[in-house]
Amino acid sequence: MSKDKVNIPRANMLMGSMRSMGYSFESAVADIIDNSITAKCQHVYLSFPKTISEPLAVGILDDGEGLTSEELFEAMRYGGTSEAKRKDNDLGRFGLGMKSASMSQCRILTVISRKNAAVCAYRWDYNYILEKQEWVIQELDETDINEIPYSHQLVHAAGSGTLVVWQDFDILEKSNPGQIFSTLCKLKMKVSDYLSLIFHRFLSTNSLRIKIDNYSLKPLDPFLEKHNKTTQKKEVSISNRDSDGVERQIKVKAFILPFITDMSEEDKKNAGGTENFRSLQGFYIYRNQRLIIWGNWFGMKQGLGEITKNARVRVDIPNSLDDIWGIDVMKRSATIPPAILNQLRKTVKDVMETATRQQTHRGRKENTDDEISYIWNRIKGRGDYYYYEINKENILFKYIEEHIPSEYHSYIAKLISEIERNIPTQQIYIDKCNNAVEVEENKNRIEDVFNTGVTIIDSIKEFGRDIRDIIDDILKAEPFCKHTELKEMFNDYYYHDHD
């Protein structure tokens with residue numbers, strides 16, 4: 001017969017392992033602010049060392065409800081929670097966020113809290129854990145508290161609040177030996193941009209204000225909702241039952257952003273910048289107004305190609321669906337349930353149809369023969385100007401795209417975009433005028449094109465299409481249309497050699 005035996009994890013080993021969960025510096029800061037929002041704060045103040053002579057510490061202070069000594073002790077417990085059931089506005093999940101996020105960046109975590117005029121503080125010190133090899137947390141007295149960087153901001157302030165302080169940045173030291181101060185200065189800007197996006201909906205309604213030193217963060221607007229050329233679809237609700245069978249509502253709203261040429265520099269910054277513009281399109285998943293995932297089509301983009309490049313879909317889920325949606329500890333990944341994914345497809349389809357109409361309106365193809373699917377599209381833009389784009393509908397392009405995993409499509413799109421933007425037209429023109437453009441003729445070229453065509457035909461015929469129809473389609477596209485002998489070669493291959 002079995003019997004129970006307590007098997008407590010080794011403190012030094014488990015804490016050390018949990019320090020390697022994969023938080024970035026900015027995502028760790030965001031996780032701390034989640035707790036501040038749950039504590040109903042209105043302001044968050046981030047403090048970084050301003051001079052190299054100051055203590056190398058980062059402080060995150062809020063004016064939330066604060067904690068008593070007993071409440072803070074429980075909050076510092078790994079896996080701890082102060083309530084059996086979390087509130088609807090709770091941005092936490094596993095009772096690990098503050099500890100795991102903080103200790104992923106530093107070896108010493110101190111939390112000071114003020115509630116009902118009483119101040120308390122506890123510290124996790126990984127160095128001390130290694131020495132004791134036990135789950136020993138340190139309770140600080142008044143003298144200890146006064147020695148903590150930034151503690152005066154809370155101790156001498158009116159009202160309640162909580163201060164989280166990070167010290168001993170061993171992770172940064174390993175990658176930037178002797179450069180902790182300068183590294184923290186660089187990270188300050190990265191944190192600013194990240195928080196402006198993650199919490200943009202809180203910041204835009206003034207329900208939350210965040211300051212980094214003396215700089216107040218301004219919210220980004222990834223959907224450019226105030227832009228007069230942004231197309232906004234009607235918000236729809238999708239029902240999703242939680243683990244207890246209670247019906248919850250998911251809110252979905254789609255946006256088609258204006259073209260880059262219709263955006264000001266401020267618009268471009270708010271939308272995430274132009275450098276990664278296309279890779280930022282897709283679903284934006286929010287959990288209690290907090291952005292957790294963005295720029296992901298969850299496998300839907302395949303086959304949609306060019307028409308997705310200006311579309312963004314906002315999805316709001318409540319924290320009661322965390323387990324159904326597979327929200328992880330770091331709140332950086334999720335999995336859309338299959339039933340919900342199917343319902344979202346219609347919304348995405350509607351968005352794509354709108355995007356397609358906008359793309360069509362943008363310019364008119366000016367290729368020589370409308371019957372040919374060119375590798376390059378020559379498109380007439382505004383006025384008498386033209387631009388060139390890779391034809392994403394070309395059969396060769398589509399074949400290659402379909403055989404690349406969808407998670408890599410954003411990288412391919414970025415490469416294609418840069419190729420289109422950097423065509424050396426001026427040099428090509430000069431070389432052409434000087435008869436200096438040489439097109440290398442390879443006697444094996446026809447064989448290469450033929451073999452490529454066979455590969456595509458074999459791939460398409462598996463879906464039941466007639467081979468003659470496939471051959472006719474291929475011969476209307478570059479590079480196949482340039483070789484008239486290919487039709488006979490394909491026919492011989494499929495109808496004579498295979499008899």
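Here the structure is a predicted model, which means the values were calculated and not measured. In what follows, residues are counted from 1 in the order of the sequence shown.
- Considering only heavy atoms from C-beta on, M263 comes within 4.5 Å of L257 through its side chain.
- Residues forming a side-chain hydrogen bond (donor to acceptor under 3.5 Å, both in side chains) with E131 (at least two apart in sequence, or on another chain): none.
- When side chains are defined from C-beta on, I285 does not count as touching L291, because their heavy atoms never get closer than 4.5 Å.
- Between K99 and D31 no salt bridge is recorded (no basic side-chain N to carboxylate O distance below 4.0 Å).
- Put simply, the side chain of S36 never gets that close to the backbone of D62: no donor and acceptor are under 3.5 Å apart.
- Residues passing the side-chain contact (heavy atoms from CB on, under 4.5 Å) test with S113 are L67, L72, C120, T162, sequence neighbours excluded.
- Checked against the 6.0 Å centroid threshold, W124 and Y78 count as a close aromatic pair.
- Remark: F73 engages Y122 in a ring pair (Phe, Tyr, Trp, His ring centres under 6.0 Å) (not counting sequence neighbours).
- Annotation: side-chain contact (heavy atoms from CB on, under 4.5 Å) contacts of R114 (sequence neighbours excluded): V119, L154.
- With V191 as the fixed residue, the side-chain contact (heavy atoms from CB on, under 4.5 Å) test singles out one of I210, I212, V58: I212.
- Between E265 and K268 there is a salt bridge, with a side-chain nitrogen of the basic residue lying less than 4.0 Å from a carboxylate oxygen of the acidic one.
- Using modelled atom types, no side-chain atom of N116 and backbone atom of A118 make a donor-acceptor pair closer than 3.5 Å.
- Qualifying side-chain hydrogen bond (donor to acceptor under 3.5 Å, both in side chains) partners for Y45, counting only residues two or more places apart in sequence or in other chains: none.
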Inset, instruction - Check step by step if side-chain contact (heavy atoms from CB on, under 4.5 Å) holds for I250 and D316. - result: CA-CA 6 Å; I250 299 168; D316 281 292; 6.0 Å; no
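- When all heavy atoms of F169 and L56 are compared, the pair lying nearest together is CE1-O, 3.4 Å.
- When all heavy atoms are compared, the tightest approach of S104 to I171 is O-CG1, 3.4 Å.
- Within the 4.5 Å cutoff, the side chain of Y126 has no heavy atoms near those of the I108 side chain.
- For D193 and S196, the side-chain atoms include no donor-acceptor pair closer than 3.5 Å.
- With salt bridges taken as basic N to acidic carboxylate O contacts below 4.0 Å, none links R123 and E139.
- Counting heavy atoms from C-beta outward, L280 and P222 have side chains that stay 4.5 Å or more apart.
- Taking OG1 of T110 as the start and CD of E147 as the end, the distance is 11.0 Å to the nearest 0.5 Å.
- Rounded to the nearest 0.5 angstrom, Q179 CD and L184 CG are separated by 11.0 Å.
- Using a cutoff of 4.0 Å between basic side-chain nitrogens and carboxylate oxygens, E235 and R314 are scored as salt-bridged.
- The closest side-chain donor-acceptor pair between E420 and S417, if any, does not fall under 3.5 angstrom.
- You'll find the side chain of L172 reaches within 4.5 Å of the side chain of L187, heavy atoms only.
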Inset, instruction - Show your working on side-chain contact (heavy atoms from CB on, under 4.5 Å) between L195 and S192 and close with a plain yes or no. - result: CA-CA 5 Å; L195 299 182; S192 174; over 6 Å; no
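- Although no hydrogens or angles enter the test, the distance criterion places a donor-acceptor pair under 3.5 Å between the side chain of D144 and the main chain of D141.
- Within a 6.0 Å sphere centred on NZ of K50, heavy atoms belonging to other residues, nucleotides or ligands number more than 12.
- The backbone N or O of E418 sits less than 3.5 Å from a side-chain atom of N422, completing a donor-acceptor pair.
- When all heavy atoms of L109 and M98 are compared, the closest pair comes out as CD2-O, 4.2 Å.
- Atom-to-atom distance recorded for K269:NZ and K218:NZ is 7.5 Å, nearest 0.5 angstrom.
- Under the 6.0 Å cut-off for aromatic ring centres, W166 and F25 qualify, their centroids lying closer than that.
- Side-chain contact between E71 and K115 is present, with at least one heavy-atom pair separated by less than 4.5 Å.
- Between the N288 side chain and the R290 main chain, no donor and acceptor come within less than 3.5 Å of each other.
- W297 has its ring centre less than 6.0 Å from the ring centre of F283.
- No more than 12 heavy atoms of other residues, nucleotides or ligands lie within 6.0 Å of CG in N214, so this atom counts as exposed by the packing criterion.
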Legend entry - Derivation of the side-chain contact (heavy atoms from CB on, under 4.5 Å) call for V44 and L61: CA-CA 6 Å; V44 172; L61 171 67; over 6 Å; no
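- N270 pairs by the side-chain hydrogen bond (donor to acceptor under 3.5 Å, both in side chains) definition with nothing, not counting sequence neighbours.
- Evaluation of the salt bridge (Lys or Arg N to Asp or Glu O under 4.0 Å) test over residues 175-188, restricted to residues two or more places apart or in two chains, returns K188-D213.
- Under the side-chain contact (heavy atoms from CB on, under 4.5 Å) criterion, I52 pairs with F181, not counting sequence neighbours.
- Once rounded to the nearest 0.5 Å, the distance linking CG of L46 with OH of Y150 reads 10.0 Å.
- Of the N and O atoms on the side chains of T230 and E225, not one donor lies less than 3.5 Å from an acceptor on the other residue.
- Across D63 and Q42, no two heavy atoms sit closer than the pair OD1-N, 2.8 Å.
- The closest side-chain heavy-atom distance from R209 to N206 is below 4.5 Å.
- In this structure D170 satisfies the side-chain hydrogen bond (donor to acceptor under 3.5 Å, both in side chains) test together with R19, R107, sequence neighbours excluded.
- Minimum interatomic distance between S216 and K211 (heavy atoms only, all atoms of both residues): OG-CE, 3.2 Å.
- Shown here for I148 and Q167, the closest heavy-atom pair between the two residues is CD1-OE1, 4.4 Å.
- Evaluation of the ring pair (Phe, Tyr, Trp, His ring centres under 6.0 Å) test over residues 204-224, restricted to residues two or more places apart or in two chains, returns F223-F255, F223-Y284.
- By the side-chain contact (heavy atoms from CB on, under 4.5 Å) test, S239 pairs with E247, Q249, sequence neighbours left out.
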Inset, instruction - Start with the C-alpha gap between F199 and I37, add the side-chain angles, then the distance that decides, and say whether side-chain contact (heavy atoms from CB on, under 4.5 Å) holds. - result: CA-CA 10 Å; F199 298 108; I37 293 173; 3.6 Å; yes
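- V164 places a side-chain heavy atom less than 4.5 Å from the side chain of S102.
- Side-chain polar atoms of S237 and K251 form a donor-acceptor pair below 3.5 angstrom.
- Taken from OG in S47 to CD in E54, the straight-line distance is 9.5 Å, to the nearest 0.5 Å.
- Interatomic distance, OG of S100 versus CD of Q105, reported as 10.5 Å (0.5 Å rounding).
- Taking the ring pair (Phe, Tyr, Trp, His ring centres under 6.0 Å) definition, one finds that H227 meets it with nothing, sequence neighbours left out.
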